[in-house]
Novice: 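The following block contains the structure, expressed as structure tokens.
Here the structure is a predicted model, which is why all the values come from computation and not from measurement. We name chains A, B, ... by the order of the sequence lines, and we start the count at 1 in each one. Keep in mind that the numbers below use all heavy atoms, side chains included, and drop hydrogens, waters and symmetry copies.
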There are 2 protein chains.
Amino acid sequence: MPKIAIMGHGVVGSGTAEVFFKNKPGIEKRAGKSLDIKYILDVRDPSEFAGLPYGDRFVNDFDIILNDPEIAVAAELIGGIEPAFTFAEKLLTAGKSVVTSNKELVAKKGAYLLKLARDNNVNFFFEASVGGGIPIIRPLSLCFSAGRINEVAGILNGTTNFILTKMFRDGMEFADALKLAQDNGYAERDPSDDVGGADACRKICILASMAFGKQVDPDRVPFEGITGVTKADIDFCTARGGAVKLIGIARRNQSGGVDAEVCPAFVGGGSQLAGVDDVFNAILVRGEETGDVVFYGKGAGKYPTASAVISDILNALKTPDNPHALCWEESEGSDYGGLVSGFYARTANGAFITGEMTRAEFNAKYGGDGVITAMRVFDNL
Amino acid sequence: MPKIAIMGHGVVGSGTAEVFFKNKPGIEKRAGKSLDIKYILDVRDPSEFAGLPYGDRFVNDFDIILNDPEIAVAAELIGGIEPAFTFAEKLLTAGKSVVTSNKELVAKKGAYLLKLARDNNVNFFFEASVGGGIPIIRPLSLCFSAGRINEVAGILNGTTNFILTKMFRDGMEFADALKLAQDNGYAERDPSDDVGGADACRKICILASMAFGKQVDPDRVPFEGITGVTKADIDFCTARGGAVKLIGIARRNQSGGVDAEVCPAFVGGGSQLAGVDDVFNAILVRGEETGDVVFYGKGAGKYPTASAVISDILNALKTPDNPHALCWEESEGSDYGGLVSGFYARTANGAFITGEMTRAEFNAKYGGDGVITAMRVFDNL
């Protein structure tokens with residue numbers, strides 16, 4: 001009987017354990033075998049968890065998991081680069097599969113860890129790292145093999161989408177909407193990774209790496225959050241029949257490279273992303289053969305994310321399906337800054353919309369004109 | 001080098017061959033090996049295809065494919081039950097994987113063919129049978145393993161959605177909209193399977209079989225098409241802020257069974273399906289842990305469907321991933337007719353909307369009241 005280890009007992013880790021033990025018979029039926037979570041790694045004293053039905057599984061020492069030959073797969077649900085990266089590297093090297101919900105880890109170290117998994121004939125899966133319970137990683141890797149993906153774009157952060165929806169629908173200003181999100185548990189006490197765009201940037205980098213086959217480094221992709229968006233901008237865009245959304249986008253360019261960016265943007269009313277509200281996420285995949293495909297659902301939350309982690313665990317327990325598996329290559333430094341679009345600009349005298357240009361071209365042309373807010377315009381998403 | 005056979009050179013078959021040869025280098029890279037289409041089976045004389053770049057692959061005799069040990073996977077793109085079923089049965093028994101776009105075959109014979117594939121350690125895949133280029137079969141089988149799906153529902157037929165969109169948006173009557181669909185190539189000369197609901201019924205049966213694990217027989221599921229929908233119905237629903245859509249739906253009921261139906265229905269304006277227009281399809285999967293997930297895209301068409309077929313071929317070439325594979329069981333006769341919803345009813349004196357009830361209850365209560373049109377109301381999809 002293959003044994004599972006959960007590393008990290010925060011929101012996702014505790015949800016994973018809870019759902020696993022609640023649905024164990026059904027999960028085992030789908031896996032075709034008996035399964036058990038043998039260890040739950042957490043920095044807190046195991047006695048703190050004694051009251052849980054699986055309280056006897058808690059350990060503090062990672063090496064117990066690493067050195068136990070019964071452990072076939074470990075779920076890394078700690079977050080951040082370290083110690084998550086070291087743990088994943090050691091586990092894969094030891095011939096254990098790893099699944100993770102850690103977007104920072106995958107965005108920065110994906111190519112390396114995928115190759116390490118391949119070299120050791122095990123799996124490295126990360127469905128939960130983008131879009132919570134929305135299936136997107138596996139469909140991208142298995143269902144678009146016939147042709148070429150030209151663009152991926154999406155609403156990738158539920159916190160900011162909730163805030164923008166409140167600003168749009170209820171006329172709230174940013175600070176009030178953020179407070180409401182925090183009161184509802186949709187935003188963390190330090191919301192900077194969400195509202196500043198870093199979280200969405202990691203996610204679009206994972207999607208771009210998969211879609212285009214080369215690591216897209218989040219440290220090189222320009223990103224901007226929603227802290228500068230005002231009600232005046234939203235009112236202008238609404239009057240024009242669209243919505244303001246925090247968009248992550250990556251697109252093949254004409255010189256064979258990739259342009260990518262995360263930015264608040266005006267999306268037209270006919271856009272498939274304009275109507276995605278509240279904490280929902282949506283990801284648009286624009287394929288040459290398939291046309292536009294959109295995946296929509298809850299992009300975060302304890303149980304949707306736990307559901308993705310458990311599905312990955314079951315998939316990881318199967319024979320590694322190299323070489324037609326998830327993979328992308330390391331990439332030398334690239335510049336992703338060439339994205340072309342129209343721009344919305346607001347000055348003290350009013351607002352206007354430009355023709356198609358890069359951000360550098362926009363800044364060169366309009367930077368001195370007293371622009372208070374500038375925002376990309378995507379009318380075709 | 002594993003060889004592929006294409007059976008049927010109609011719209012999907014010719015698209016599959018065309019995309020395969022156009023994108024061969026990229027497809028082989030993703031497969032991790034060289035690939036070739038060795039045979040294309042068609043009833044027409046092979047000389048008719050001599051002008052094609054792959055014109056030398058055409059054969060009339062199925063046994064050539066069946067008896068060639070080089071053939072690892074065959075794509076059944078003929079449609080209908082026979083000879084498709086006999087071909088699939090013989091190929092699987094001979095240890096060759098089969099992929100298909102044939103919804104009739106999968107809806108009627110899925111449980112049997114999936115078991116046959118499992119018993120012979122090969123794959124039977126059918127991503128292209130529902131939703132064209134929208135990934136739905138593979139996500140359903142691989143990404144919802146942690147919990148329970150309570151409901152699947154969708155707009156599953158592009159032809160009828162195009163017609164309803166024209167009736168709604170341009171005020172056309174049914175017959176004119178159908179003619180326009182035929183002129184645009186969106187409807188066949190004999191459109192009865194589409195406009196009568198049989199096509200959508202097969203598709204919801206495939207989705208329901210997967211979601212609930214037991215074969216849902218399309219011959220036992222009540223279905224109704226859109227031929228009875230009038231502009232008066234659409235106007236009433238539009239005034240109430242929603243849309244009329246042909247909905248396929250399957251839902252767990254309280255006695256442990258499944259209720260399923262295909263019917264024109266009024267969906268509320270807040271529904272995730274209300275804004276799906278033209279030839280687009282959308283499938284809503286309502287999971288206990290995941291919440292609502294929606295898959296949206298082009299539900300038909302030569303290249304989207306070919307893309308799904310080719311992805312399936314690559315997936316089928318991998319090691320069969322039993323037992324955590326696609327599967328559902330045979331089912332003794334069930335009654336799927338217990339679906340509960342509100343009803344919209346139009347009489348000569350006007351229209352009204354009822355409370356929640358089954359169709360039998362509706363008929364018993366209002367059948368004698370001069371009802372001209374009756375339509376289900378789904379406000380929560």
Side-chain angles (χ1 to χ4, degrees), chain A residues 15-16 19-20 22-23 26-27 29-33 127 132-140 142-148 213 272 275 280 282 285 287-298 301 303-304 306-315 317-319 321-325 327, chain B residues 15-16 19-20 22-23 26-27 29-33 127 132-140 142-148 213 272 275 280 282 284-285 287-298 301 303-304 306-315 317-319 321-325:
Chain A
T16 301
V19 171
F20 178 85
K22 182 179 150 224
N23 297 341
I27 290 169
K29 189 176 173 210
R30 282 182 284 269
K33 58 185 100 179
E127 182 63 68
I134 308 171
I136 177 63
I137 302 296
R138 199 154 300 277
L140 255 188
L142 295 179
C143 301
F144 292 86
S145 315
R148 210 171 126 97
Q272 301 160 93
F280 282 86
V285 180
E288 192 135 328
E289 286 76 17
T290 58
D292 288 358
V293 179
V294 180
F295 303 79
Y296 168 93
K298 284 191 184 157
Y303 298 116
S307 168
V309 170
I310 292 174
S311 290
D312 261 2
I313 290 173
L314 296 204
N315 293 323
L317 284 170
K318 294 187 294 179
T319 317
D321 48 11
N322 307 325
H324 176 57
C327 68
Chain B
T16 300
V19 170
F20 178 86
K22 181 178 150 224
N23 297 341
I27 291 168
K29 190 176 171 206
R30 283 182 283 269
K33 58 186 100 179
E127 182 63 67
I134 308 171
I136 176 64
I137 302 297
R138 200 153 300 276
L140 255 189
L142 295 179
C143 300
F144 292 86
S145 316
R148 209 171 127 97
Q272 301 158 95
F280 282 87
L284 165 65
V285 180
E288 192 134 328
E289 286 75 15
T290 58
D292 288 358
V293 179
V294 180
F295 303 80
Y296 168 92
K298 284 190 184 158
Y303 298 117
S307 168
V309 170
I310 292 174
S311 289
D312 261 2
I313 289 173
L314 296 204
N315 293 323
L317 284 169
K318 295 187 297 180
T319 317
D321 49 10
N322 307 326
H324 177 55

Novice: How would you list, by chain and number, every residue that makes a side-chain contact (heavy atoms from CB on, under 4.5 Å) with B:Glu288, sequence neighbours excluded?
Specialist: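 Partners of B:Glu288 under the side-chain contact (heavy atoms from CB on, under 4.5 Å) test: A:Lys22, B:Arg148, B:Asn150.
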Novice: If I measure from the heavy atoms of chain B, does A:Phe20 come under 4.5 Å with its side chain, its backbone, both, or neither?
Specialist: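 No part of A:Phe20 comes within 4.5 Å of chain B.
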Novice: Relative to chain B, which of A:Pro135, A:Gly133, A:Pro139 shows the most heavy atom pairs under 4.5 Å?
Specialist: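 Sorted descending by pairs with chain B, the first entry is A:Pro135.
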Novice: Between B:Leu142 and A:Asn315, what is the shortest heavy-atom contact and its length?
Specialist: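 In this case the closest contact between B:Leu142 and A:Asn315 is O-ND2, 3.2 Å.
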Novice: Tell me whether A:Ser307 contacts the main-chain N or O of B:Ala146 through its side chain, where contact means a donor paired with an acceptor under 3.5 Å.
Specialist: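 No.
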Novice: For the residue pair A:Phe144 and B:Arg30, what are the closest heavy atoms and their distance?
Specialist: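 Looks like O-NE, 4.4 Å.
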Novice: If you count heavy-atom pairs within less than 4.5 Å of chain A, which of B:Ala308, B:Gly147, B:Gly301, B:Gly297 leads?
Specialist: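 Ranked by heavy-atom pairs under 4.5 Å with chain A, first place is B:Gly147.
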Novice: By side-chain contact (heavy atoms from CB on, under 4.5 Å), which residues pair with A:Tyr303, not counting sequence neighbours?
Specialist: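 Applying side-chain contact (heavy atoms from CB on, under 4.5 Å) to A:Tyr303 gives A:Glu18, A:Val19, B:Glu289.
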Novice: Please report the interatomic distance NZ(B:Lys298) to CG(A:Asp292), rounded to the nearest 0.5 Å.
Specialist: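 These two atoms lie 7.0 Å from each other.
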Novice: Any idea which of A:Asn23, A:Ile310, A:Thr16 has the most non-hydrogen atom pairs under 4.5 angstrom with chain B?
Specialist: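 Counting heavy-atom pairs under 4.5 Å, the top option is A:Asn23.
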Novice: Taking the side chain from A:Ser311 and the backbone from B:Cys143, do they hold a donor-acceptor pair closer than 3.5 Å?
Specialist: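 Yes.
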Novice: Hey, what do you get for OG (B:Ser145) to CD1 (A:Ile313), rounding to the nearest 0.5 Å?
Specialist: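 So the gap between those two atoms works out to 10.5 Å.
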